[in-house]
Amino acid sequence: MFRKLKGFRDMYPEKMRARREVFERINSTARGFGFHEIDAPSVELLELFRVKSGDEIVKQTFSFVDKGGREITLIPELTPTVARMLASRKDLVKPVKWFSFPKMWRYEEPQSGRLREFYQFNADIFGIAGIEADAEVLALAMEILDSLGLEGKYVMRVSDRILMEELLKKFGVSRVEETFRVIDKKDKIPEDVFMENLQSAAGDAAEKIIDVLNVKGSVGDVISKIGESSRGEILIKLQDLLDGYGKKITLDLSIVRGLAYYSGIVFEAHDAKGEFRAILGGGRYDNVVQLFGGEHTPAVGFGMGDAVLELIMKREGVWPEERMEVDAFVAVVPGFRKEATQIAMNLRKEGFRVDIDLTGRSLGKQLKYANRINAKYAIIVGEEVRNGKVVVKDMETGEQRTVGIGKLKEIINEN
RNA sequence: GCCGGGAUAGGGUAGGGGCUAUCCUGGGGGACUGUGGAUCCCCUGACCCGGGUUCAAAUCCCGGUCCCGGCCCCA
């Protein structure tokens, strides 16, 4: 027996159906926000990922040399590809609003919520420097989670690199990058070690920084506690815009994320119980597109992997039932296969999901099968068909009746 | 890349140097070719892989693989 590769998943029909339902809801929410779906290659030149992320990231790719001697990799993220696509099309009408839900690969050790192959939903807006785009993207992220039944089960934590830099300068910190790096580690190391690191990076400002990091809450509350600033005004405007969408964020300046390239707000959605990794993350990255040869293009977006999402949806009991499903199963009585097939085909053309017996086994066995595939109705095609009638059995209740073939569509639609 | 815990039919499990490896469930067939979820019968099907210790290994030891979780990293 062959084994599965580490960190990869087999997807059987029951689970696939549930996942398809979730993915569809996510995609249709994005479409509802006026985003347009794109797709892209699953492999790119490895070099593409060095541009933005450097060698550390390249170590964690599934890469290989192709037959032409090129260094190729399965994509570990979508942003460089999207930037490349954007750079080679100067006729795009702005704002560009794109989403995609591709598979991605990262060569890492699997653990909770992390695999080597996964799907990641991505949505981005290009060409808008104003906070309106940040609001639209944040609102989409939250609406997606809400529409999946997670309303109130997660917290959208937002920070802002510009505000943080303003504050650090105000506190007299000179080594800003290093200080960010220390802050990023805050929750992963013991408190005393964190304090030590922070003092070595930020010196006397450490105490003030701690105060800022510990203030978490609504935008208004946090800004009033840390003091007025031009950037604070913009964040207040962000929440004001989000009020129009009916969404609330939490300002939490301890969120750092992707030190390398975010240039404005950054955000992460976490499950409210704090049990899992971030469900999604994103922010503004105005300086990235030009790295890939495009014009300087304002950009804001987020990515959301399917693994953590599934964990939290299951814990909250909102993950769809994992079971196969068809609308009807056509049971065939010996001698009536042709009529049965015609009935099945007519229903299939109406858009119903219809299975039909292929075995010629006993009616009892056929119904047992119908039961196993969760058919809503069994349609028994036998003698009655000579008079244009069939027996329809509701597999849930067991009720059955003899009806004209023309009535089938209506009956199946009832459910 | 590193660390901890696991691995017995398709799924869930019992056993823990020696007899035909336990039970539940599933799958196929039959009782029953015009009625499923019930019952009974038959069939199917497993000790992760490789090496070592031993008269004898599913069991003990070593290595690998995969699974679960943690570290690093998290784009």
Side-chain angles (χ1 to χ4, degrees), chain A residues 1-10 12 14-15 44 48-61 73-83 104-116 118 120 122 181 184-185 188-189 255-262 266 268 275-278 280-283 285 288 291 301-305 307-308 311 322 329 331-337 340 357 359-385 390-402:
Chain A
M1 276 269 272
F2 288 106
R3 294 173 154 280
K4 205 158 39 84
L5 253 32
K6 186 198 291 202
F8 287 73
R9 295 171 287 184
D10 289 330
Y12 290 92
E14 295 83 356
K15 178 149 194 172
E44 292 276 8
L48 183 69
F49 297 94
R50 284 212 181 88
V51 172
K52 166 171 156 265
S53 307
D55 282 331
E56 179 61 34
I57 293 308
V58 163
K59 272 187 228 155
Q60 293 173 33
T61 58
T73 186
L74 291 167
I75 59 166
E77 60 166 327
L78 197 66
T79 305
T81 299
V82 171
M104 293 177 192
W105 298 265
R106 295 178 186 176
Y107 200 92
E108 303 182 286
E109 285 308 310
Q111 49 197 276
S112 178
R114 180 200 269 184
L115 298 154
R116 287 187 170 185
F118 54 94
Q120 189 180 79
N122 291 264
R181 236 186 303 279
D184 192 30
K185 293 281 176 290
K188 291 175 183 169
I189 55 180
I255 301 286
V256 176
R257 274 195 86 74
L259 300 143
Y261 70 94
Y262 282 115
V266 292
E268 287 178 351
E275 202 175 313
F276 305 118
R277 292 163 190 285
L280 61 82
Y285 53 102
V288 171
L291 292 178
F302 73 96
M304 174 174 71
V308 175
L311 289 176
E322 295 187 349
F329 173 79
V332 183
V333 171
F336 297 95
R337 177 161 300 277
D357 177 70
T359 67
R361 58 190 161 191
S362 71
L363 188 56
K365 290 278 193 255
Q366 292 189 40
L367 288 172
K368 188 175 176 183
Y369 174 76
N371 198 48
R372 287 305 308 244
I373 61 173
N374 298 309
K376 288 179 191 143
Y377 293 95
I379 298 165
I380 301 164
V381 181
E383 285 296 337
E384 311 83 339
V385 82
V390 291
V391 174
V392 181
K393 186 180 180 83
D394 182 322
M395 294 299 287
E396 194 79 24
T397 64
E399 279 170 45
Q400 66 177 56
R401 47 190 163 145
T402 305

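Model, not experiment: these values are computed from the prediction. Quick note on labels: first sequence line is chain A, next is B, and so on, each numbered from 1.
- You'll find that the side chain of Y107(A) is closest to G1(B), out of G1(B), U35(B), C74(B).
- Taking 3.5 Å as the limit, the base of G34(B) and the side chain of E384(A) contain a donor-acceptor pair of atoms between them.
- Salt bridge status for E109(A) with K6(A): present, with a side-chain N to carboxylate O gap under 4.0 Å.
- D55(A) places its CG atom 14 Å from the C1' atom of C73(B), with the value rounded to the nearest Å.
- Using atom C1' as the reference point in both A57(B) and U8(B), the two lie 14 Å apart (nearest Å).
- Nearest nucleotide to the side chain of K6(A), out of G28(B), C66(B), U35(B): C66(B).
- To the nearest angstrom, C1' of U35(B) lies 14 Å from CG of D394(A).
- No contact: L78(A) has no heavy atom under 4.0 Å from any strand.
- Judged by the 6.0 Å and 45° rule, R116(A) forms no cation-pi pair with F8(A).
- Separation of the P atoms belonging to G37(B) and G29(B) is 14 Å when rounded to the nearest angstrom.
- If you measure from atom CD of E14(A) to atom P of G26(B), you get 14 Å, rounded to the nearest angstrom.
- Closest to the side chain of R277(A), from the set U35(B), C73(B), A75(B), is C73(B).
- Residue contacts shown for Q400(A) include a base, since a base heavy atom lies under 4.0 Å away.
- Of the candidates C73(B), G1(B), G36(B), the closest approach to any side-chain atom of K393(A) belongs to G36(B).
- No side-chain heavy atom of R361(A) sits under 4.5 Å from any side-chain heavy atom of K368(A).
- If you take CZ of R106(A) and P of C74(B), they are 11 Å apart, rounded to a whole angstrom.
- Taking atom CD of E77(A) as the reference point, atom P of C73(B) lies 17 Å away to the nearest angstrom.
- C66(B) and C24(B) are spaced 35 Å apart, taking the P atom of each and rounding to whole Å.
- No hydrogens or angles were tested; on distance alone, nothing pairs the side chain of R361(A) with the base of C32(B) as donor and acceptor under 3.5 Å.
- Taking atom OH on Y12(A) and atom C1' on G11(B), their separation rounds to 11 Å, with Å as the unit.
- Contacts of G281(A) with the nucleic acid, taken as non-hydrogen atoms under 4.0 Å apart, are absent.
- Among the heavy atoms of the strands, none lies under 4.0 Å from K59(A).
- The side chain of K365(A) lies closest to G30(B) when the candidates are G34(B), G70(B), G30(B).
- Out of G36(B), C73(B), G26(B), the shortest distance to the side chain of R372(A) is found at G26(B).
- Counting only heavy atoms from C-beta on, K4(A) has its side chain closest to C67(B) among U35(B), C72(B), C67(B).
- For K368(A), the side-chain atoms get nearest to G36(B) when compared with the rest of G1(B), C74(B), G36(B).
- For the pair D357(A) CG and G34(B) P, the computed distance is 14 Å after rounding to whole Å.
- Within the nucleic acid shown, G282(A) has no heavy atom closer than 4.0 Å to any nucleic acid atom.
- Within 4.0 Å (heavy atoms only), G364(A) reaches sugar-phosphate atoms of the nucleic acid but no base atom.
- In this structure, L363(A) atom CG and U33(B) atom P are separated by 10 Å, rounded to whole Å.
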